[in-house]
Asks: 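Below: one structure in structure tokens.
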Amino acid sequence: MNQPEIRVRFAPSPTGALHIGGVRTALYNYLFAKKHNGKFLLRIEDTDQNRYVDFAENYIKESLEWLGIVPDESPWAGGLCSPYRQSERKEIYQEYAHKMVAEGKAYYAFDTAEELEAMRKRLETEGVSNPQYNALSREQMKNSLTLPKEEVEARLKAGEPYTIRIKVPRKEEIRLNDLVRGWVVVHSSQIDDKVLLKSDGMPTYHLANVVDDYLMGITHVIRGEEWLPSAPLHVLLYRFLGWEAKMPQFAHLPLLLKPDGNGKLSKRDGDMHGFPVFPLAWTNPETQETVRGFREEGYLPEALINFLAFLGWNPGTEQEIFSLDELVQAFSIEKISKAGAKFDIKKAQWFNQYYIKQKDNAFWVNYLLQNCPYPLEKIQAEAIVALLKDRITFPKDFWEQAPYLFQTPENYDEQTLASKWTNEVSLVLKQWKTLIPTIDNKDWNAENIKHTLQQITENQGIKLGKVMQPIRIALTGVAQGADLMLIAQIIGKDETLKRIEKILAKMLQKEKI
RNA sequence: GGUCCAUUCGUCUAGGGGUUAGGACGCAUCCCUUUCACGGAUGAAACAGGGGUUCAAUUCCCCUAUGGACUACCA
């Protein structure tokens, strides 16, 4: 017997920027599909017309492409199960919904929003803790179960708005074997008669996802834990539709939680703690509201992937660094953890730093040439990359962490200056200033520069360490940074001289006062 | 409130009836060094609580506590 092909799907709704939790769900689906040589599909769940946001679909596409987790089948790539937008599959859901009504597994409901509200109020005052439209309360409502057949037909014929609701059995245990959590049992009395088809003719999520997963041959549903409570309803739908034998296996992923305290990670947390919770920056076209993105903050896709993979999953070995391909090889649903994972941006930064170091210098030279806001020669870029690559967390640190490579310092670390500046320093600098011009332009490199400085300090019997710190401030303005002699090499002979003169002028003036 | 899910260092987690409870991030100290990083070394740091079962429980069972998700004609 041939094993059926593994087919999984990521099914976001285009309501705005794709949340990072959704990205992780997509990643796990991708990893599982690739691991088993299966297919990863993307389906757009745009059944709520009110929440539809233009460009959101494109945002999803771009995010996944940036991360390299590209679906095999999707609205834009096509596939045998087209269309992959639920709004374009409206008739399909209607057909199944009506079929269920005909078979007595669902029914028409004509209740208005006000009537539903009144029902809930009534039940609450009667002391019902969980008011719902169910086997009991539906008897009091306006639906094809309570209304005379003629009236139902008349209402339908008159074009009166209606919904189709599932007829959940009164007393029954519904069980499902979740791949992450094991058996989950829910009593049918806890599930209400959920709307399957809305009065605008669109399906709700529950109907649409079951119908599509079946029609698209989905073998495993890997989704967030927020879907766990409604999973029994979906099991019921598979049964009512006669698809139980082909029902996919479920795996409900642990949630991504706020870094401090608890609760689902939200957009607010990103704003509060100063880190992105979305893959890409995004401005809502209607509200002009903007959110920041991992990509724009300077996170590398491989770092984000590695970080996200470990939020709720672990290979069981001590290896922490994984490329996408390695993750594919190592991934298994059994290793997914059950408890929610708090979002720790520090770990993401560590991964980023690691992957920056991993990339070869040529990559960063090219990056600098294209992105550095200051004018730059290739030879300078090469020196800068060699100097800073191992010290930075984000690519923009190349210039933000070391502005002195590009500009003469305006301000100096006065505190360090006050404690480290001595007459000896002043003397050394004055001598160095006269010695530097003796270095040929072609010989202007860290080694020779250091040599001249050493000559002076040795002659004067001064320890090099004594003067390095104040000289560093003279050349960079700050008290910390990479190898000073290399910095001097990068900024050039003229600029080095200029900076020495500047600090001498400044300190001399101070002495006079 | 009801239903469901969860609970090992601050965080992500490994482990699983008998372990010095392992790793990583972060933190601290030391080394390297012209400083700061990087790198290296070392260290502090955890089985939510209570009952069982058992010779033995962090591991299995129950309860409690805590946290979370869901509870729409949203997904």
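So you know, we letter chains A, B, ... as the sequences are listed, proteins then strands, and number each from 1.
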Asks: Roughly how many Å is it from CD in Q349(A) to P in C12(B), rounded to a whole number?
Replies: 17 Å
Asks: Students often get this wrong, so: under 4.0 angstrom with heavy atoms, is K463(A) touching a base, only sugar-phosphate, or nothing?
Replies: nothing
Asks: Is the distance from the ring center of Y205(A) to that of W227(A) below 6.0 Å?
Replies: yes
Asks: May I ask you to say what G224(A) touches in the nucleic acid, namely base, sugar-phosphate or nothing, with a heavy-atom cut-off under 4.0 Å?
Replies: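 Result for G224(A) = nothing.
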Asks: Heavy atoms under 4.0 Å, any strand shown: does Q190(A) hit a base, just sugar-phosphate, or nothing?
Replies: sugar-phosphate
Asks: Treat primed atoms plus P, OP1 and OP2 as sugar-phosphate and everything else as base, then score nucleotides 69-75 of chain B 5' to 3': B for base contact with protein heavy atoms under 4.0 Å, S for sugar-phosphate contact only, - for none.
Replies: SSS-BBB
Asks: Can you tell me the pairing partner of C25(B) across any strand shown, Watson-Crick or G-U wobble, with both distances under 3.5 angstrom?
Replies: G10(B)
Asks: Can you check whether F331(A) and Y28(A) have ring centres sitting under 6.0 Å from each other?
Replies: yes
Asks: Taking a pair as Watson-Crick or G-U wobble with both distances under 3.5 Å, which nucleotide is matched to A56(B)?
Replies: none
Asks: RNA chain B: G316(A) or F343(A), which has the more 5' nearest nucleotide?
Replies: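 The residue whose closest nucleotide sits nearer the 5' end is F343(A).
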Asks: F310(A) vs F322(A) aromatic rings, parallel, tilted or perpendicular, using cut-offs 30° and 60°?
Replies: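 The arrangement is tilted - the two ring planes meet at 30° to 60°.
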Asks: Do the ring centers of F275(A) and F343(A) come within less than 6.0 Å of each other?
Replies: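 Yes: the rings meet the under 6.0 Å criterion.
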Asks: Ignoring hydrogens and geometry beyond distance, is a side-chain donor-acceptor pair present between S426(A) and N423(A) at under 3.5 Å?
Replies: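 On atom types as modelled, these side chains do not qualify, holding no pair under 3.5 Å.
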Asks: Any salt bridge linking E289(A) with K267(A)? Criterion: basic side-chain nitrogen under 4.0 Å from a carboxylate oxygen.
Replies: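 Answer for the salt bridge query: yes.
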Asks: Considering only heavy atoms, which members of residues 478-488 of chain A lie under 4.0 Å from some atom of RNA chain B?
Replies: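 Residues of residues 478-488 of chain A that come under 4.0 Å of RNA chain B are, in numerical order, A479(A), Q480(A), G481(A), A482(A), D483(A), L484(A).
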Asks: Do the ring centers of H206(A) and Y93(A) come within less than 6.0 Å of each other?
Replies: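 No, ring centres 6.0 Å or more apart.
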Asks: Atom CG of D390(A) to atom P of G40(B): distance rounded to whole Å?
Replies: 12 Å
Asks: Counting only side-chain N and O atoms of K338(A), is one of them less than 4.0 Å from OP1 or OP2 of A6(B)?
Replies: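 Looking at the OP1 and OP2 atoms of A6(B), neither is under 4.0 Å from any side-chain N or O of K338(A).
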Asks: Is V185(A) touching bases, backbone alone, or none of the nucleic acid, heavy atoms closer than 4.0 Å?
Replies: sugar-phosphate
Asks: Would you say a side-chain N or O of K335(A) is under 4.0 Å from OP1 or OP2 of G15(B)?
Replies: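 K335(A) to G15(B) OP1/OP2: side-chain N or O found under 4.0 Å.
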Asks: Does a side-chain N-to-carboxylate-O contact under 4.0 Å join E57(A) and K61(A)?
Replies: no
Asks: Tell me the partner of C4(B), counting only Watson-Crick (N1-N3 plus N6-O4 or O6-N4) or G-U wobble (N1-O2 and O6-N3) with both under 3.5 Å; none if nothing fits.
Replies: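 Base-paired to G68(B).
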Asks: How do K346(A) and A341(A) order along RNA chain B: which one's closest nucleotide is nearer the 5' end?
Replies: A341(A)
Asks: What about F406(A) and F398(A), are their ring centers closer than 6.0 Å?
Replies: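 No, they do not, as the ring centres are separated by 6.0 Å or more.
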